[in-house]
Amino acid sequence: MEKKDSYWSLKYRQLREQNHSPNSEYGEWADNTLTPWNRQTGFQEKEFTNSSNIPIKEVYNSKDIPENTEKHLLGLPGRYPFTRGIYPNMYRGRLWTMRMFSGFGTPEDTNKRLKYLIKHGESGLSIAFDMPTLYAYDCDNPRADGEIGKCGVNVSSLKDMEVIFKGIDLSKVSTSMTINAPAAILTAMYIAIGKKQGVPLDQLAGTVQADILKEYIAQKEWIYPPEAHLRLIRDMMVYCTENTPKWNYISISGYHIREAGSSAAQELAFTIADGFYYVEMGMKAGLDVDDFAPRLSFFFNSSINFFEEIAKLRAARRIWARVLKEKYGAKKDRTLLLRFHTQTSGYTLTWQQPLNNVIRTTIEALAAVLGGTQSLHTNSYDEAWALPSEEAVKIALRTQQIIAEETGVIDTADPLGGSYYVEWLTNKMEEEAFRYFDQIDRMGGILEAVKAGYLQKEIAATSYRRQMRLEEGKEIMVGVNKHKEEGEQPINILKISKKAQKNQLDRLNEVRGSRDEEQVRKALEELETAMRKEDVNTMPFILRAVEEYATLEEISNVGRKVFGSWKEPVIV
Amino acid sequence: MILLKLDELIQGIIKGDRRSVSRAISIVENEQVSINAKKIIKEIFTHTGRAHIVGITGPPGIGKSTMIGNLAAMLSGSGRKVSVVAIDASSPFSGGSLLGNRIRMQESLTRHGVFMRSLANRGMKGGLSRSIWDTVKILDASGSDIIIVETVGAGQADLDVVNLAETIVMVLGPGLGDEIQAIKAGIMEIGSLFVINKMDLPGAFIAQKDIEETLAMSPKGEWKPPVVGVNSLTKEGYDDLIMEIDRHGKFVKKSSDIAFRKFRTELEITIDEELRNRFYKEIRAFLSDNEKIRILMEKRTDPYSAAENLINSIA
Amino acid sequence: MEAGKNQSLFKGKPIKILLAKPGIDGHDRGILVLAKAFRDAGMEVIYVGLLPTPEEVVDTAVNEDVDVIALSLLNGAHMTVFKKVADLMKGRNINDIAVVGGGTIPEGDKPKLEKMGISGNYGPGTPISKIVEHITERAAEMRKLKSMEE
Ligand SMILES: Nc1nc2c(ncn2[C@@H]2O[C@H](COP(=O)(O)OP(=O)(O)O)[C@@H](O)[C@H]2O)c(=O)[nH]1
Ligand SMILES: [Mg+2]
């Protein structure tokens, strides 16, 4: 069966050719100037590579990028292919949103933290949930014992969400919820609260992560087999397109792919490949790409290799715009814009000499800004160790404010545009991404590739390589494998009080005692019927169950019954 | 003292005590043909021969572990005592190994309390041979009704499983490409039954047809290997699969011919190994004596004569 | 990687180790790296995948007759979950399988874990060679216990 060359393989071949231009000027210089210099100074040759394992030369010049770069590859800000930014005046017109992750312990604690951040000038709310919530276990499930409120806030029913948003007017804030497997249930809870506050649905603003593909690839928090989750997300997409126009329903996340140990190029490739899948899914569900694609947003990691990160973000914008236009037939400019949130890397933080993390985060935040991010979360220096303390969160927020208000990097759009090195690296990252798109396509698409564990294996190989390089001292982490200090004191950490668990159990019992059991049973039964019919939209049924105070686990158990569970492929 | 403990262990095996079974397997695995290992097997031997030993083989990723998980669940569900052994390859470089077969079966194993043991092939050099036979014996003596052995479709470990199992289930599926040709050319005759897994995927029916046609052309014996299509995600086809496994089990147990062949093979392997082991210490000592070897090399002694001289000097 | 001075003890009888994250925690980067590293250090590594319960961990350790159980958790639940594993081991009188821990474990918790018999308790950034060395030591202790019994 000879197949015609796919879009992906054609593109990949083109990019390979484009980036493979012989550079005789470099060659001549290397022979006549560099080599003698190295010999004279006794310089020990060694390999310089970045996280994507791309070898870096001593210097780049105009011969390393195609002649028509400016015209074809860059454009100007606010113009196709948006390499230089999605808005004409970038940060002059509008700073990025400073969005700090919060959520820990009890809903009461989280409510207090949200209010604190609003008071200190944070412009968007962001909520992290604890592990039981992420896996849709109620707080009284034995598996949840000891995990309540540990890595985020615990939500077992609508009651908890009511407490989190008590006294916060949902028409005045935008909220980002980091939740995936039970995303539809949490979205339904948010809608339910909006309804109770009397906020019209079309004013509910925010984002739910709901990127289930990256769960199988990297974060591994799933409940059902991939197909089942994708179907529920499709239902949510369709429902929200019709009812909550300011609710961004999928935040396609490279962050976790990177934290799982991938390279920058893998983060770029796998995230955008996920994005393409969601585009195809929406189109298959009958939505017009120009209607729903603008509601997809991205979430990237900004790690420590400064230029590589910037190149990655620039490449991401260009790839998205190109492919949406060329392959998916998007007509409106709005559809082509890749808007993204960035978070600085957690992976690069160390518990040793924790204050060094402030510096790392600053550099990573700067890369995100130079890469043109729309919103940014800066990690707190104590995050490698525990949930951040208030003090540490404030410094992290101040880091962004200093970049925005003191450094002048916001004065002009894409200040690094035209740098030979940055342009070359941007092209290289793009090429790497297409190499993966082609490979994934050959495996029968991303769903098949994920089920076979291909992407997971690629990531595991990268993270193993990095670990070995760290062990051999080929890669450095200050304070960990170089410039170490003896007898380090562990830093102060935020203690989650044991009360959190009890608090949650009490509230759950209260909910169970006061709701109308008959209505709960009926709502869950109807949900089951809806789930069993592939073409019925489950979202209204989930909303109904939520409003009857069916618990998170009860609702997700309906799916466990209908769809079964999932065990990952063997990766190592 | 030591003997007393070993006796307890042996009693434990026969009573089906998990920890005794498990520790005994370690002994036969780590201390092959040691006095302890041999004593265990000698003592439990009269308690063996009851279990139906089923080997499951096929290329990596075809769904063997998933299938064993399903079989284990269904068979224990119907009241049978199931035990599982899964073999993985050792790294030729470090000698270590990643034993990952559990992942796909863990859920059913836990739910039904099925005993499962992962074995590494430890780089072939006779490593696994003895211990896989002994492991199966221990499981047999511990009261298993059925012992399922998973092995990848290649290498020494596979041969051992073919020899020791009474029923060989060859698992194939769609998308094998050229591999299926190689399988057809090489090992069709060893399958007692053929399973086409992943019937939910395109190409599965073609694969099934392909195998059926090949079988139709092969020489016919007393047993005609059936071909069963299954979907391991939904357990479709599993009732047929279990029925065929049982049918073959009955067929084998009836045939004294097969029992004789198996016994003979094991005897042969055991004699080989005993023989090698008898001289093992001396051979190792000889091979680590670089001085002696250098002299042989300098004298340009041919390897046959050197080996003969060595053996004659020991025996 | 060298497994250190105890290497000869394990010749032909590799250390068998069960790697597990017995909590609801999907962050498997570290554990996958360790799995490969342990294999490359010559160990036989059993990995049961994500989300095993403490009961499953102990059952598996017994079935596989491992020398060492290595637990890792990054979600802060170690004091509850590691303890469950330790209690189950005690309840079943298992004293010849070592339990080592790792993950984000505050200094203050380490003595408590040690008391439960869970050693190591290394944080992120610990050189793998150090972890391997510790495991090798513990495995050697266990092998001695086992051989005395027989
Ligand atoms: N579509 C489909 N996938 C299956 C089926 N059986 C197993 N798989 C998948 O095939 C992959 C490999 O399975 P595994 O049991 O580990 O294969 P093994 O290497 O032969 O032991 C896993 O991702 C399974 O989920 C099936 O019947 N249909
Ligand atoms: Mg397998």
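All values below were derived from every heavy atom in this structure, side-chain atoms included, with hydrogens, water molecules and symmetry-related copies excluded. These numbers were taken from a predicted model, which means no experiment stands behind them. Convention: sequence-line order gives letters A, B, ...; per-chain numbering from 1.
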Worksheet entry | Among the listed options Met477(A), Glu259(A), Arg466(A), Gln456(A), the residue most often paired with chain C at heavy-atom distances under 4.5 Å | Glu259(A)

Worksheet item: Shortest non-hydrogen contact from Arg465(A) to Asn53(A)?
Response: NH2-OD1, 2.7 Å

Worksheet item: Any Lys/Arg nitrogen of Lys220(A) or Glu568(A) sitting under 4.0 Å from an Asp/Glu carboxylate oxygen of the other?
Response: no

Discussion item. Do the side chains of Glu107(C) and Lys110(C) get close enough for a salt bridge, i.e. N-O under 4.0 angstrom?
Written reply: yes

Worksheet item: Heavy-atom distance under 4.5 Å to chain C: side chain of Thr350(A), backbone, both or neither?
Response: neither

Worksheet, complete the sentence: The interface call for Pro132(A) against chain C, heavy-atom contacts under 4.5 Å, is both

Worksheet, complete the sentence: Looking only at Asp145(A), Leu134(A), Ile459(A), the option with the highest number of non-hydrogen pairs under 4.5 Å against chain C is Asp145(A)

Discussion item. Just so I understand: if I count every heavy-atom pair under 4.5 Å between each of Glu221(A), Glu215(A), Lys567(A) and chain C, which residue has the most?
Written reply: Lys567(A)

Worksheet entry | Polar side chain donor-acceptor pair, Glu554(A) to Asn557(A), under 3.5 angstrom | no

Worksheet item: Looking only at side chains, do Asp138(A) and Thr551(A) share a donor and an acceptor under 3.5 Å apart?
Response: yes

Worksheet item: Looking only at side chains, do Tyr464(A) and Asp40(C) share a donor and an acceptor under 3.5 Å apart?
Response: yes

Worksheet entry | Heavy-atom contact with chain A under 4.5 Å, split by part of Leu51(C) | both

Fill in: Side chain / backbone / both / neither for Lys83(C) at chain A, heavy atoms under 4.5 Å
neither

Item to complete: Just give me the residue among Leu34(C), Thr126(C), Asp25(C) that pairs up with chain A most often, heavy atom to heavy atom, under 4.5 Å.
Response: Asp25(C)

